[in-house]
Amino acid sequence: MDLKALPTPVLLHIAKLLEISLQSLVATIALFDEGGTVPFIARYRKEATGNLDEVKILAIQEKLEYFRELEDRRATVLASIAEQGKLTPELQAKIEKTLDKSELEDLYLPYKPKRKTKASVAREKGFEPLALYLWEQVPNGQPLAAYAATFGDPQEALEGARHIISEMVAENADFRKAVRAMMAEKGIVVSKAIEGVPDPEGKFQMYADFSEPVAKIPSHRMLAIRRGAKEGILHFEIELNRDEVCAWLRAKVCREPGEWQPHLHDAIEDGYDRLLNPSIQTEIRLDLKDRSDEEAIKVFRENLENLLLSPPAGALTVIGVDPGIRTGCKLAVVDDTGKLLEHTVIYPLEPKNDVAGSIRTLSRLIQQHKVQAFAIGNGTGSREVAEVIKQANLGPFSVVVSEAGASVYSASDVARQEFPDLDLTVRGAISIARRLQDPLAELVKVDPKSIGVGQYQHDVDQRRLKQGLEQTVESCVNRVGVDLNTASAPLLKQVAGLSERVAQKIVEFRNENGRFKSRVQLLAVSGFGPKTFEQAAGFLRIRNGENPLDMTAVHPESYPVVEAIAASLQVSVPELIAKPDLVEKVKIEGFKTEKVGLYTLNDIREELRKPGRDPREKFVVPKFRDDVKEMKDVSAGMVLEGVVTNVTKFGAFVDIGVHQDGLVHVSEISHRYITDPAEALKAGQIVKVSVLAVDLKTKRIALSIKALEPKPAGGGRPQPRQQQAPQPSMQDKLAALSGKFRTR
């Protein structure tokens, strides 16, 4: 369905839901219709959208998809009911008015073709008039038994009529809506261990006899319960006060006293127990799954974003080290553009312990290639290798970097295309070196799900997860910008408007013709037309090119504005860029035109103040303690520095340099009340932690950040207890979260 065809009531509804103006909504839809991408619209079409950010623009995209599907379904439903000859003006008005998929399906349910039911059998036997008599509760002048006898066996007829009424109750749109709301508001998720089924690792011990309100249960607990049910260890259902619901239904159905009341009561209870409750419970379970998926994907996206935007060490010549014990440590030297210069193997660890030979090799590589840094993968042996390098005092600084996903990259098609003749382990060392130089440029080559920053990532909707992560990668890449002369095809394809094919064509063009000197040259690339240029050009950077504006985020369509600003100052564009302070002398409002408004002018001014600057934070190296290399070296009371590797709804995992991440439970992050760990922490953040407990048997480490902070006056605001949700003890923090700890 064409996005422009959405009815006005739907557009007004979306605008209200998203708290944006109708004008901004319609303009954004028009830009999507024209092939606009989210990053391009957010960055370069602020006048049209009213300065909507990426979050709002993505929300518009999602709502459009939802309501486009709703409109298609609405048309199908109307056509189906009309074909049956049952589409009344009143029903049509209700169907055309609804803005909710569930309500639309409720309205369609009585007319939806279905398999044989007890009610359909009763209708075939001609008992529907009797059912309608009971339903309407209007006396017809004869006893109920006598009237029922006119349909044959009175007992059979009344039973059949009750089946029809049960179905009428279960398929009544208003009743379904009300019961759905009751279950969402008052329902209780109850999980129990299945008797006789072992839980050897105790992963689901916390949920063996557990209950929590539907309205309050957080995503990680719901997903854990669902996983336990999937593995056949738990059973769960949603409980709702049956008597309360049936009393409400009786009040709605039973309007007049009479012989029909007992039959109506029986039919209502049967309809609720057999049809309505199971149906609504299925819907609420799916809604809970949806809600949990959404929260889990949001956590994953936030962690991924923070990891992708980790500060880069920059253009350095680096030795990447993939630690290994028996097989040796693979070394890869890459220059400041990420190009492989040399690779070899050293054996500084057991069983060879060739420390002297390893140092000689490292010294030669440093001198020959003017190496500036070591990037050491954080796998087994990383701390030992780091210690060897430190003791040798070779000159370049060294950093232990996450190698999560490096093995996936090494075996990927991308790695095979880059280095077809190299061993997987060498490719891994190259990737480790490049991750230090620019985490974003290297991590885009890896499936985000392999990076290890998710929560229950295998339990959520995989299509939605993939879509969400791809949006995050695209957003990060375009926020930072891409060097057109060094970027790989996997990085280029994340640029707004570029397909995988066009990205590959750019690399081929660069290989054949040398480095790009101007953004305009892109139009000579096969498949790179004016529309692609419009979407992508502003995110592609050329350093030391013919036009200094090509290294900035200023879009080529706005170059004339910058030229006018420079002319007003009586300087050239290169001089304006070389002396950012000059822009402060300009009244930017004076350059407003029909196409260029204040939003764009302010963006241009900000870019001229810091032309081509990387928006990521300054690179800082975490400092692990030299005497803490393995879990056995960790003890309660220690204060350590570490790096946040993953943030979940129940806490944050921190790498303290012992190959096993510790957990800072949400209750140990701060003295102030925190509902979401992401409020205080993000992946890649360097933190100081106090060790609370270490369990060598289960390989779990409990950490605290708040233990190192001064207590606020009055002891701080206490954390409120959730109804029926157990508060975590120290044992919970170490044991009940089994299966959620990350081991590298």
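Nothing here was measured: the structure is a model prediction, and the numbers come from that model.
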Regarding Thr472 and Glu305, do their side chains bring together a donor and an acceptor under 3.5 Å, going by distance alone? no
Donor-acceptor pairs are to be reported for all side-chain atoms of residues 484-494 against protein atoms at under 3.5 Å, with residues two or more places apart or in another chain.
| unit_1 | atom_1 | unit_2 | atom_2 | d |
| --- | --- | --- | --- | --- |
| Asn485 | OD1 | Phe516 | N | 2.5 |
| Asn485 | ND2 | Phe516 | O | 3.0 |
| Ser488 | OG | Leu491 | N | 3.4 |

Pair Arg301-Gln471, side-chain donor/acceptor within less than 3.5 Å: yes
Without hydrogens or angle criteria, can the side chains of Glu387 and Gln391 be said to hold a donor-acceptor pair below 3.5 Å? yes
Decide whether His671 and Glu709 meet the rule of one side-chain donor and one side-chain acceptor closer than 3.5 Å. no
For residues 443-454, tabulate all N or O donor-acceptor pairs below 3.5 Å that involve a side-chain atom, not counting sequence neighbours.
| unit_1 | atom_1 | unit_2 | atom_2 | d |
| --- | --- | --- | --- | --- |
| Lys445 | NZ | Glu418 | OE1 | 3.3 |
| Lys445 | NZ | Glu442 | OE1 | 3.1 |
| Asp447 | OD1 | Lys449 | N | 3.1 |
| Lys449 | NZ | Gln462 | OE1 | 3.1 |

Evaluate the side-chain proximity of Leu340 to Ile430: yes if any heavy-atom separation is below 4.5 Å, no if none is. yes
Is it true that Asp661 and Thr645 share a donor-acceptor pair across their side chains at a distance under 3.5 Å? yes
Judged by atom type as modelled, is there a donor-acceptor pair below 3.5 Å linking the side chain of Asp335 to the main-chain atoms of Lys339? yes
Evaluate the side-chain proximity of Val639 to Val689: yes if any heavy-atom separation is below 4.5 Å, no if none is. no
Side chain Arg383, main chain Val628, donor-acceptor under 3.5 Å: yes
Can you tell me if Ser358 uses its side chain to pair, donor with acceptor, with the backbone of Asp354 under 3.5 Å? yes
